[in-house]
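Each chain gets a letter, A, B and so on, in the order its sequence line appears, and its residues count up from 1. Owing to the predicted nature of the structure, the values given are computational and were not obtained by experimental measurement.
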Amino acid sequence: MNAKASTAAPWLRGLNPEQRRAVQHTDGPLLVLAGAGSGKTKMLVHRCVHLVRGRGVEPGRILVVTFTNKAADEMRERVRTYAGDDAKDVMVSTFHSLGARILKLHAEKVGLPRRFAIYSGSDQLGALRQATQEISIDDDRFDLKRVLRRISDWKTRGVSPRGAREEVIASAATGTRADDYEVLAADAYGRYEEVLRACGAVDFDDLLLLPVKLLEEDEEVRRDTWRRWHYVMVDEYQDTNAVQLHMTRLLAGARRNVCVVGDDDQSIYAFRGADVGNILEFERHFEGTSVIKLEQNYRSTRRILEAANSVIAGNARRHDKRLRTENPIGAPIDYYEHDDDAAEADIIASELSLRHFRERRPWREFAVLYRANTQSRPIEEALRAKGIPYRVVGGQSYFDRKEVADGMAYLRAIAHPRDEIALRRIINYPSRGIGRVSIGKVADLARERNAGFAKTLRTADGELLGGAQAEAVAAFLEVMDGQRDALARAEELAKRPPPATGLPPIARWAMDLFKDVGLEDAIRADYRTAGTHDARLSNLRDLAGTIARYERRRWSELGTGVDRGDLALTAEDAPADPDAEEWRAPTLAEALSRLALADMDDEEDDAEAQDAVTLMTLHSAKGLEFDDVFLVGLEEGILPHARSIEGDDAALAEERRLLYVGITRARHRLTLSLCRRRRRGGDAVEVLPSRYLKDIPEELLNPKTAERMLSPEESADLRRDFFKNMKAMLEESA
DNA sequence: CCAGGGGTCCTTTTT
DNA sequence: GGACCCCTGG
């Protein structure tokens, strides 16, 4: 297609020549090196539209892979906006849900049940705890989280338990590292995998590893996959790890229509195995690659971009580039030094309300970004005190909250009889007289007989346990059996359309379950968490609400052919003839398998529509943009983080990129701040400004203090505006 | 044998 | 704010 014709194509309007070239390079490997704010997401979306409208590719043949659910949602939304129904079958998926999908279709080939459970957070810890207990290395201070990180390291590099042990032994033999801890971790790794399999479960790393294994070893899986997708695109490619590189290669297959987009300066996930080398050496991995660079920034003011450029210039190993922009110079970058984090939070809250009321800008245009989740607390407190609406993105994952994890464990223990980790989590919560010793006895016996824990539990009588304990176990089993029956009835009801109002049957059952087994009372009775009871109860009820949404979505999919969860991989004509797919009534087991991957992003749509300030980590902010950004805690020990300062140069380089990512989120306005004192452990300690601040040219910065934040006139204006706006708002809502 | 209270330590980033 | 351990009383 020549340049003239492309000008005529409506889907190419609004793209500059560089972007158009990228969009149109339709065959063979394509590497798009896209700077921050260069419109790379837009480019990917337009490429999808171009393939469908311009080249007549069936949308179902196009696969876009992202890292986060949020990115996938946004991409889907944009594809729909630009291409309408034409492109509704373009599949947008995260690496992990794609892996889950492939795995689900071939689960039996790797010895998994069709409805395998996906473990995260506390479940993984539970499995690992059991693994270490079984090989008796739980006695000394064995930091399970650290071991889990170590195991995950191995898994993201595709190293097997045996490989891990060899690696550890080899490094000990060469005297480089004779670390007992490593040996223990390698031993635990193997057993951990066995525990997972015995429970019919996988962890997040398996969602990448096992599909790769399948694709590698199984001709049929490969053939089906290649028949299904002809064009593969990967967003944020700089954050891929070894397994994801492998997966990308396998997905691309012989067609090699693979287009990856990324920015080496925004690689911030090395800690979980991401390798910038993947993007730096893409041309070597995929022979005959076309390379396109997007170096114009459309997002930020010149001052903001200059600050970002000066920060990132301090890193050595990178594609040399300097983003340019034609945007206006913009406002100076505000810079605050606060006494402590409370003062910092306070001023931010004041600035926010000032800018909101005085400049009449909606709350949603603002974001407060920080290095670690723990930094959100003082800010939340200050915003709450001033009545500023906010939402916290990420943080403790929804499923890691105790009450949610407990609720999930009940659901899983009922849905998956093999799920021993779930069972052991809830067997004595709420307390019902089955303590550590009794559980230990059953577990020992189970091991002796080489039988499952759940099965052995049924044989536990007054001889094995005390009389009272045996009775407690019997009562517990009775409750569980009763719940299974109730679930079966609910699933039977779920074969008919849900009621127009009220909860659909499975959700209804879950809600009752939480009440009947005493979870709700246990939350209310916990004196340690007084004050958070309502929030916890509502989190638990949200879980039932999520099941309700799943049930309704399932029913809305009937006959429409839209099936985001289980689009057949093998049916060759699936994209063309979606009705050919078999529709199934909702089940708890399926709800659970969707839930684990969905994160809770989907559920926050309502909150997102609300007008609220966004609080999140720099990591979560990648890929997003805001008019007005506050970047807090620019101190040694925070950014760069203390752990990275202890670490190597690579760790520090990543911290610098993190700051770069943060700065480049801002469109019009940026406020940097730090604290001179910060609480560490018990008391407040003096801290130093971040080393990276020196790299920002002084003339770009506008130092401010709390006193000078507002002139007296501005204060008066603010007060006046505040009441005026308040009045207007009240009238609007009336 | 179990439940619950009280003390202690730590706390990067995430699918 | 947690997760975890230890102690005491039932």
Side-chain angles (χ1 to χ4, degrees), chain A residues 65-72 93-100 118-122 124-125 129 138 141 143-146 148-149 152 155-156 202-208 236 239-241 243-244 267-274 369-377 393-397 399-402 405 428-441 465-470 472 522 525-532 596-599 601 616-622 633 637-647 651 654-655 657-658 661-662 679-682:
Chain A
V65 188
T66 64
F67 276 78
T68 64
N69 289 296
K70 205 186 296 160
S93 175
T94 64
F95 267 108
H96 289 88
S97 19
L98 177 68
I118 299 168
Y119 279 9
S120 72
S122 54
Q124 283 179 280
L125 278 176
R129 186 172 298 119
D138 64 318
R141 288 220 156 272
D143 180 355
L144 291 183
K145 281 187 187 147
R146 191 177 144 195
L148 207 53
R149 271 197 300 273
S152 182
K155 293 180 84 164
T156 51
V202 298
D203 63 18
F204 274 98
D205 296 319
D206 289 325
L207 290 178
L208 305 175
E236 307 281 10
D239 288 324
T240 48
N241 61 35
V243 179
Q244 285 162 327
S267 160
I268 53 174
Y269 282 102
F271 72 88
R272 67 167 198 216
L369 308 182
Y370 35 80
R371 172 67 234 266
N373 285 304
T374 50
Q375 291 173 262
S376 76
R377 249 184 66 202
V393 176
Q396 196 185 17
S397 140
F399 292 106
D400 280 343
R401 286 174 217 172
K402 186 185 178 315
N428 199 36
Y429 185 83
S431 329
R432 45 172 75 89
I434 310 172
R436 225 192 48 215
V437 178
S438 295
I439 293 171
K441 282 179 181 169
L465 312 173
Q469 285 71 249
D526 195 338
Y527 69 95
R528 285 166 300 192
T529 57
T532 64
L597 283 168
D599 209 16
D601 281 1
M616 63 184 157
T617 63
L618 291 164
H619 283 89
S620 309
K622 191 181 54 141
I638 301 281
L639 187 70
H641 195 273
R643 295 287 179 113
S644 299
I645 297 175
E646 294 162 14
E654 183 145 311
E655 297 287 320
R657 290 193 292 269
L658 218 33
V661 166
R679 269 197 304 275
R680 263 211 347 234

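Salt-bridge formation is not detected for the pair R272(A)/D239(A): no Lys NZ or Arg NE/NH1/NH2 atom is positioned less than 4.0 Å from an Asp or Glu carboxylate oxygen.
In terms of phosphate contacts, K441(A) brings a side-chain nitrogen or oxygen within less than 4.0 Å of OP1 or OP2 of dC1(B). Considering only side-chain N and O atoms, S431(A) lies nowhere under 4.0 angstrom from the phosphate OP1 or OP2 of dC2(B).
If you check every strand for non-hydrogen atoms under 4.0 Å, N428(A) touches sugar and phosphate atoms only. Among the atoms of the strands shown, only primed sugar atoms or phosphate atoms (P, OP1, OP2) are found under 4.0 Å from some heavy atom of Y269(A). Using a 4.0 Å heavy-atom cutoff across all strands shown, K622(A) reaches no nucleic acid atom at all. Counting non-hydrogen atoms under 4.0 angstrom, S438(A) reaches the backbone sugars and phosphates but no base. Within 4.0 Å of G466(A), counting heavy atoms only, lies no atom of the nucleic acid at all. Note on R432(A): only backbone sugar-phosphate atoms sit closer than 4.0 angstrom, heavy atoms only; bases stay farther off. In this structure, S620(A) reaches the sugar-phosphate backbone alone: every heavy-atom distance under 4.0 Å involves primed, P, OP1 or OP2 atoms, never a base.
Contact annotation: the side chain of H619(A) approaches that of F271(A) to within less than 4.5 Å [non-hydrogen atoms, C-beta and beyond]. Using a 4.5 Å heavy-atom threshold, the side chains of L207(A) and F95(A) count as separate.
By the stacking rule of 5.5 Å between ring centres and under 30° between planes, H619(A) does not stack on the base of dT13(B). We find that the ring of F271(A) and the base of dT14(B) do not stack by the test of centres under 5.5 angstrom and planes tilted less than 30°.
Atom pair E236(A):CD and dT15(B):C1' shows a separation of 14 Å (rounding to whole Å applied). Taking atom CD1 on I638(A) and atom C1' on dT13(B), their separation rounds to 13 Å, with Å as the unit. The CG atom of D400(A) sits 11 Å away from the P atom of dT15(B) (whole-angstrom rounding). When the P atom of dT14(B) is taken as reference, atom NZ of K155(A) falls 20 Å away, rounded to whole Å. Nucleotide dT13(B) holds its P atom 15 Å from the CE atom of M616(A), rounded to whole Å. Between the OH atom of Y119(A) and the C1' atom of dT15(B) there is a distance of 18 Å, rounded to whole Å. The nearest whole Å value for the distance from the CG atom in L125(A) to the P atom in dC10(B) is 18 Å. Distance K402(A) NZ to dG1(C) P: 15 Å, rounded to the nearest Å.
Side chains of S152(A) and D205(A): a donor-acceptor N/O pair is present below 3.5 angstrom, by distance only.
Taking every side-chain heavy atom of N373(A) into account, dT14(B) is the closest of dT14(B), dT15(B), dG4(B). Relative to the side chain of R129(A), the nucleotides dT15(B), dC4(C), dT13(B) differ in distance, and dC4(C) lies closest. Listed nucleotides: dT15(B), dA3(B), dC1(B). Nearest to the side chain of T68(A): dT15(B). Taking only side-chain atoms of V437(A), from C-beta outward, the nucleotide of dC1(B), dC4(C), dT14(B) with the closest atom is dC1(B).
Along DNA chain B, the nucleotide closest to S644(A) and the one closest to I434(A) are compared, and the more 5′ of them pairs with I434(A).
The base of dT12(B) does not come close enough to the side chain of R643(A) for any donor and acceptor atom to sit less than 3.5 Å apart.
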Report task. Could you check T617(A) against Y370(A) for side-chain contact (heavy atoms from CB on, under 4.5 Å), going step by step and ending with a plain yes or no? Result -> CA-CA 5 Å; T617(A) 63; Y370(A) 35 80; 3.9 Å; yes
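Both the sub-6.0 Å distance and the 45° axial angle are satisfied by K402(A) relative to the ring of Y429(A).
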